Number of protein chains: 2
Amino acid sequence: MPKRVDHAERRTEIAEALLRVAGHRGLHAVRMRDVAAEAGVSLRLVQYYFETKEKLLLYGLEHLTERFGERVAARLRAAGDAPGPRAVIEAILLASLPTDEASRTFHLVHTSYAVLAVTDEALAAQPFIRSPEAAENHLTELLRQAQEADLTHPGVDPRQDAIALLALSAGLGTSILVGHRTPESAVAVLERQLDGIFAA
Amino acid sequence: MPKRVDHAERRTEIAEALLRVAGHRGLHAVRMRDVAAEAGVSLRLVQYYFETKEKLLLYGLEHLTERFGERVAARLRAAGDAPGPRAVIEAILLASLPTDEASRTFHLVHTSYAVLAVTDEALAAQPFIRSPEAAENHLTELLRQAQEADLTHPGVDPRQDAIALLALSAGLGTSILVGHRTPESAVAVLERQLDGIFAA
DNA sequence: TGGTTCGTGATACGACCGTACCATCAACTT
DNA sequence: AAGTTGATGGTACGGTCGTATCACGAACCA
């Protein structure tokens with residue numbers, strides 16, 4: 001046999017090629033041949049490491065959410081040690097706004113997957129579909145802690161406000177994506193919403 | 001010639017068939033043949049009234065936004081004569097939440113178009129892409145009037161709060177669509193946000 | 001009344017895309 | 001050394017989809 005190859009690594013390379021293509025041509029326009037060309041391998045190789053296109057797409061989605069998790073973690077580290085609840089919440093919400101190329105790709109491809117998932121049950125069954133629930137629980141807990149530490153204005157409802165924050169940042173992200181809004185103004189809106197929750 | 005036919009009417013029928021198909025199979029899965037079958041006409045007819053698929057899609061988008069406008073108008077009428085600013089804002093925001101089949105289709109197809117528009121300049125140039133700006137201006141003006149009439153809490157910023165309301169309802173709409181949230185809980189979140197703006 | 005034109009159907013064409021198949025070469029084993 | 005097996009390339013097949021072509025019938029005009 002030729003040089004034994006690390007399948008996991010190869011699959012990652014191909015998945016990232018998929019995300020690059022999806023990021024600037026749109027997920028709907030992704031062809032197996034495009035992915036192969038972008039990854040610099042032959043079409044046969046893409047077939048070899050992912051038998052079918054559907055499996056490639058599912059793996060690409062996994063990889064996408066994984067990299068998003070890493071980006072959130074990086075922002076949390078950048079927030080210093082023992083960051084306050086507001087700093088943690090900002091890290092999470094700002095990571096999901098399409099401010100740079102990577103997060104733009106994430107948001108576009110994630111939205112594409114979400115749209116597909118509405119009518120595709122194989123996609124709808126994927127775990128990424130339930131990760132928002134985890135984020136909601138996490139944010140709710142953070143707000144509850146902030147409330148107990150008396151860092152919030154009166155009248156805060158951790159669960160309801162967590163839901164609103166997530167929906168708001170998702171909506172803002174989409175409007176950045178389609179060019180209705182600049183990242184800066186979206187951040188300002190988000191900060192304003194946080195000001196309504198956290199006391200100075 | 002055979003019985004002279006009303007082109008506009010026929011185009012509308014076909015466009016509605018398009019929206020029905022897009023509404024439950026997804027816009028990406030819409031084929032010319034599906035639209036023809038759904039409309040109960042031959043493939044040739046769809047070609048006849050819309051030369052190309054792209055033109056059909058563009059017209060479908062026009063029709064979609066038009067019908068959305070009618071739905072908002074209907075809600076406004078249902079709000080009674082001389083409704084207050086909050087009632088008007090509620091009419092606008094609640095109309096865009098996917099609460100029934102029609103609004104669900106609207107939200108799904110509209111989102112599909114938005115995703116396509118990110119990478120398709122012909123779609124991006126369509127007027128629907130600037131209608132959110134009009135909505136933002138409208139909401140801003142309503143909030144400003146409410147503020148002058150002393151109906152709001154202090155600290156309201158009409159422009160910023162209008163942006164937040166629109167992004168929030170868009171985000172909530174998407175989470176209803178993908179099944180993360182019930183329409184009822186989304187409405188509750190939206191009402192809560194309005195409570196933070198309008199005085200009792 | 002005859003011809004022109006609008007509306008409609010059936011079908012064919014050409015392109016593209018995912019997948020399958022076949023061949024080849026290199027390295028590790030025995 | 002020989003054979004087996006993993007990795008890779010090239011290419012062909014089958015299906016599908018948008019679009020084009022051909023044909024025909026029915027109404028309106030002159």
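Every chain is numbered from 1, with letters handed out A, B, ... down the list of sequences. Atoms considered below: every heavy atom in the structure, side chains included; atoms not considered: hydrogens, waters and symmetry mates. Keep in mind it's a predicted model, so treat the numbers as computed, not measured.
Whole-Å rounding puts the B:I14 CD1 to C:dG7 P distance at 12 Å. Counting to the nearest Å, the C1' atom of C:dT19 and the CG atom of A:L57 are 15 Å from each other. For A:H28 and C:dC17, the NE2 to P distance is 12 Å, given to the nearest whole Å. C:dT19 atom P lies 10 Å from atom CD of A:E51, rounded to whole Å. Whole-Å rounding puts the A:L56 CG to C:dC17 P distance at 15 Å.
Residues passing the ring-ring contact (aromatic ring centres under 6.0 Å, His included) test with B:F106 are B:F68, B:H110, sequence neighbours excluded. Residues meeting the side-chain hydrogen bond (donor to acceptor under 3.5 Å, both in side chains) test with A:E121, sequence neighbours left out: none.
In terms of heavy-atom proximity, B:L108 sits nearest to B:A22 at CD2-O, 3.9 Å.
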Got a list of side-chain donor-acceptor pairs under 3.5 Å for residues 193-200 of chain A, not counting sequence neighbours?
| residue | atom | partner | partner atom | Å |
| --- | --- | --- | --- | --- |
| A:Q193 | OE1 | B:Q193 | NE2 | 3.0 |
| A:Q193 | NE2 | B:Q193 | OE1 | 3.0 |
| A:D195 | OD1 | A:R86 | NH1 | 3.0 |
| A:D195 | OD1 | A:R86 | NH2 | 2.9 |

What donor-acceptor contacts under 3.5 angstrom involve side-chain atoms of residues 29-41 of chain A, with partners at least two apart or in another chain?
| residue | atom | partner | partner atom | Å |
| --- | --- | --- | --- | --- |
| A:D34 | OD2 | A:R31 | N | 3.2 |
| A:E38 | OE2 | A:R20 | NE | 2.6 |

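Look at A:T52 and you won't find any side-chain N or O under 4.0 angstrom from OP1 or OP2 of C:dG18. The side chain of A:H7 places an N or O atom within less than 4.0 Å of a non-bridging phosphate oxygen (OP1 or OP2) of D:dA7. For D:dT8, the OP1/OP2 oxygens have no side-chain nitrogen or oxygen of A:Y48 closer than 4.0 Å.
Residue B:V46 is classed as having no contact, given no heavy-atom separation below 4.0 Å to the nucleic acid.
Here the side chain of A:Y49 is nearest to one of D:dT19, D:dT8, C:dT19, namely D:dT8.
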Heavy-atom contacts, protein to nucleotides 9-16 of chain D, under 4.0 Å, summarised as B (base), S (sugar-phosphate only) or - (none) per nt, yield BB-B----
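Pairs of residues two or more places apart, or lying in two chains, never qualify as side-chain hydrogen bond (donor to acceptor under 3.5 Å, both in side chains) while including a residue from residues 68-80 of chain B.
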